[in-house]
Amino acid sequence: MASDSLKRLLEKRDDPYAWARGWKERTGGKVLGFFCCLAPEEMIHAAGALPVRITGENRTISKSGAHLQSYCCSLARTGLDMALEGELSFMDGTVFVHTCDTMMRLSDIWRLNAGFAVHGDIVLPVRFEGPSAHEYAVSELSHFKRKMEESLGPIDDDALNESIKIYNKNRRLLSELYALRLENPGLVSCDEALWIVTSSALMEKSEHNAILEEILADLKSSGAGSEPDGRVRLFGIGSVMDQWDFLKMVEDVGGTIVDDDFCNGRRYFDTEAPEGIDPVESITERLWERQSCPCKHRTDRDRAVCLAGRVAESKAKGAIFWMFKFCEPHAFDYPHIKKALDDQGVPSLNLEIEQGSVSIEQLRTRVEALIETIRGS
Amino acid sequence: MSAEDKGLLTSKIQATEQMKQLITNYYIEAKTTRLPEGTHKPVCWITSGGPVEFLIAMDVIPVYPENHGAMCGASHIAPELAEVAENMGFSRDVCSYARLDIGAAVTKGGAIPGGLPEPDFLLCCNNICGTVIKWYEELARFFNVPLFLMDTPFIHKEKPEHATEYVKKQCLELISFLEEKTGKAFSLDRFAEVAMLSVEAVDLWKGVLKTAEHKPSPFTCFDAFIHMAPIVTLRGTQQVVDYYKLLRQEMENRIEQGISAVPEEKFRLIWDNIPIWYEMRSLGNLFAQNHACLVADTYTTAWAIDIKIDDPLTSMADAYTKVYLNISIDLMLDQLVALMEKFSADGLVMHSNRSCKPYSLGQYDLSRAITERTGKPALIIEADMTDSRVYSEAQTRERVEAFIESL
Ligand code: SF4
Ligand code: SF4
């Protein structure tokens, strides 16, 4: 049984920006959109503004087709479409982090066409290793901070340290949620769990912390002593996963995603920023230590090895790759990761999708087949 | 890549034979280096925008999978190689250079008999795209060799000081990497010498391209695509300098003798993006038949490296970060406008290349902006540089003809 706090959270799934609009009305503060979870949200938060994540949505493109070719990922295409249609007009600006080639060009196109007052670019290093890259990352983040101060007002160290603490608390609470689900995934369904994480990037962080504490308390009391419901444990791999109907279908056919590598899932909250050191260093340090994303290069961390290890730890019996069509970083990593899972005897499913044309019925057959394979073995 | 042999309407360039020899010798050295009678130089695979001067200065043989990709595209074997990678699980939507290269590596196939010489190590520079990082990570796994990534931060509006600093530091790291891999000491003098040869070759190459400013133009960009091979693969060596002197002379002679690349040049156009390698011949003929000469392009002009002798490392770091694909659309637009003006172009032909997102995303905006700024029309052709399976010849022909008609 979903707790009241969770219910209230779930009500907003169809209107994810309701909180941001409400916040803006209430406080008169500035709202800044961002796409990638490598964005230093704490800096925006410390300036008194609200960072809000844009993840595209299921829609038929109208305006962005004049700017982006059909072989561009749907995250960029639908995101730009929302902006050009004025649906993000409550935002005062947008921040882009250099990840893939698509994001880098989207930033240009967005700046030239979408008409937001504030535009930030953060060109983080692509090598996430070695002292020169680390030093560059610190300089680039400081540079970004100065740029943001020009539009948002001063970001002093105390405020930034405070924001880091609030964000760390959120990370801790979300980790707790995942830990509870790893013990007993039946406590809360995977679509709800992922929405809890996703909503964190859509509202003011301390507000989210308060709701999360209530949810966790409810889950702990209601779930005490209950046994796992026998759903097949799965692991999710990909970038953004916000297809709630898909996740509900997975639960319907007897599976559940117990842990993941989604950037609006585990990758959003894993690893805390160290407290008590220079705040920009701290933010950099966290980026360095986080689970690696396919857009960043590290020789000492093979994503396939890391993921195969995490799949084993999570006791998942199968994996689902959720890939945006035309997304190169993820597509390149796929064969290598799949092989590592195969070697470990973990069957997987590769779902290549575009937002706006996801057919749950077609996917159902494939997910059912995966679950049958697992149950049969 | 001998499009000249195959009945092009445009006139044949004499220097082509020398170039073929140059490239053949280069591949022979690379292929035989490990044999007892070979030169025993290590082989390094490098991206097209990579700082090759370091390799040349350290006596390492650079091998360019992208150049090989172009050869495979031109000889119509790209789709079958790409399919090998697709069967391994690589999506059909990733860059076809990467797909066909992985396919060629696995099968030891491609346009070079027995495949490209295997690498001892890899040098990847992301100043052309992020794709190369993923591609080279896969190569590093496949060949089980070390990979050096030269990370050149993308320039959105201005290039901050710390970005140049970062690239410069990586140049030093690259030097240590090469010293370790080759067991040789790096010599700054030797490096400066190579860098100067590189600058000289690039200047000569620019000189060759400049002859197309003449009306009528002595060559088309289809020629430039073929004759760019040495500047990509062998810059930093004396042979390339000699070669481009020869080629420039031939172009100057053409101008003097009134030889034009296409019969009765009426329209002058600029090409944007990587060539459609498997269609060079028929596209070349199509434009020539319609008296349109593609006088310049954004692809072959990309090798405009400027290196200063008094501080080669800093200027290298700067030059390699500022390349065409590593700058924002507005900065690209300025360069495109300048190119149109310099070559008195009547229009722009853009190849929307589904393999190459950094080159192609933004073209829709650029095409409109170009018309606004110069008053000249732009045409967009949808294709892929080597994967002919996604290309429609009839449709392209129709669109090109309609475009030229409208001029
Ligand atoms: S990483 Fe993939 S999904 Fe994300 S913007 Fe880039 S191409 Fe699109
Ligand atoms: S074609 Fe484009 S995406 Fe492919 S390697 Fe070249 S620059 Fe990169």
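Each chain gets a letter, A, B and so on, in the order the sequences are listed, and its residues count up from 1.
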Using non-hydrogen atoms and a 4.5 Å limit, figure out which bit of [X] sits close to chain B: side chain, backbone, both or neither.
X: E352(A); result: side chain
X: H297(A); result: both
X: P131(A); result: neither
X: F326(A); result: both
X: A133(A); result: both

What part of [X] gets within 4.5 angstrom of chain A, counting heavy atoms only: side chain, backbone, both, or neither?
X: E382(B); value: side chain
X: S360(B); value: both
X: K169(B); value: side chain
X: N353(B); value: backbone
X: I327(B); value: backbone
X: A85(B); value: neither
X: C356(B); value: neither
X: I133(B); value: side chain
X: F142(B); value: neither
X: T164(B); value: neither

Name the option with the most non-hydrogen atom pairs under 4.5 Å to chain A; the candidates are [options].
options: L366(B), L361(B), L147(B), N126(B); value: L361(B)
options: M88(B), R141(B), R92(B); value: R141(B)
options: E138(B), Q170(B), E161(B); value: Q170(B)

Check: Between T131(B) and E328(A), does any side-chain donor sit less than 3.5 Å from a side-chain acceptor?
Finding: yes
Notebook entry, point to check: Ion pair present between E137(B) and R298(A), side-chain N to carboxylate O less than 4.0 angstrom?
Noted result: no
Check: Tell me the salt bridge (Lys or Arg N to Asp or Glu O under 4.0 Å) pairs involving residues 358-371 of chain B, sequence neighbours left out?
Finding: D365(B)-R368(B)
Note to self: Which residues in residues 65-72 of chain A have any heavy atom closer than 4.5 Å to a heavy atom of chain B?
What the structure shows: G65(A), A66(A), H67(A), L68(A), Q69(A), Y71(A), C72(A)
Item checked: Neighbours of chain B found in residues 102-116 of chain A - heavy atoms under 4.5 Å -> T102(A), M104(A), R105(A), S107(A), D108(A), I109(A), R111(A), L112(A), N113(A)
Next item on the list: On the 0 to 90° scale, with breaks at 30° and 60°, tag the Y136(A)-H162(B) ring pair as parallel, tilted or perpendicular.
Entry: tilted
Pick from [options] with the largest number of heavy-atom pairs that fall under 4.5 Å of chain B:
options: A76(A), C100(A), P294(A); answer: P294(A)
options: C327(A), G130(A), P125(A); answer: P125(A)
options: D302(A), T99(A), D121(A); answer: D121(A)

Checklist line | Any S91(B) side-chain heavy atom under 4.5 Å of Y334(A) side chain | finding: no
Notebook entry, point to check: Mind checking whether P160(B) and E140(A) have side chains closer than 4.5 Å, heavy atoms only?
Noted result: yes
For residues 340-347 of chain A, which side-chain N or O atoms pair as donor and acceptor with protein atoms under 3.5 Å away, sequence neighbours left out?
from, atom 1, to, atom 2, distance (Å)
D342(A), OD2, K338(A), NZ, 2.8
D343(A), OD2, K339(A), NZ, 3.0
Q344(A), NE2, A308(A), O, 3.0

Checklist line | Considering all heavy atoms, the nearest D101(A)-G130(B) contact | finding: OD1-N, 2.7 Å
Check: Are the side chain of D151(B) and the backbone of V126(A) linked by a donor-acceptor contact shorter than 3.5 Å?
Finding: yes
Item checked: Pairwise distance CD(E165(B)) to OG(S132(A)) - rounded to 0.5 angstrom -> 10.5 Å
Next item on the list: Please say whether more than 12 non-hydrogen atoms of neighbouring residues, nucleotides or ligands are located less than 6.0 Å from CD in Q395(B).
Entry: no
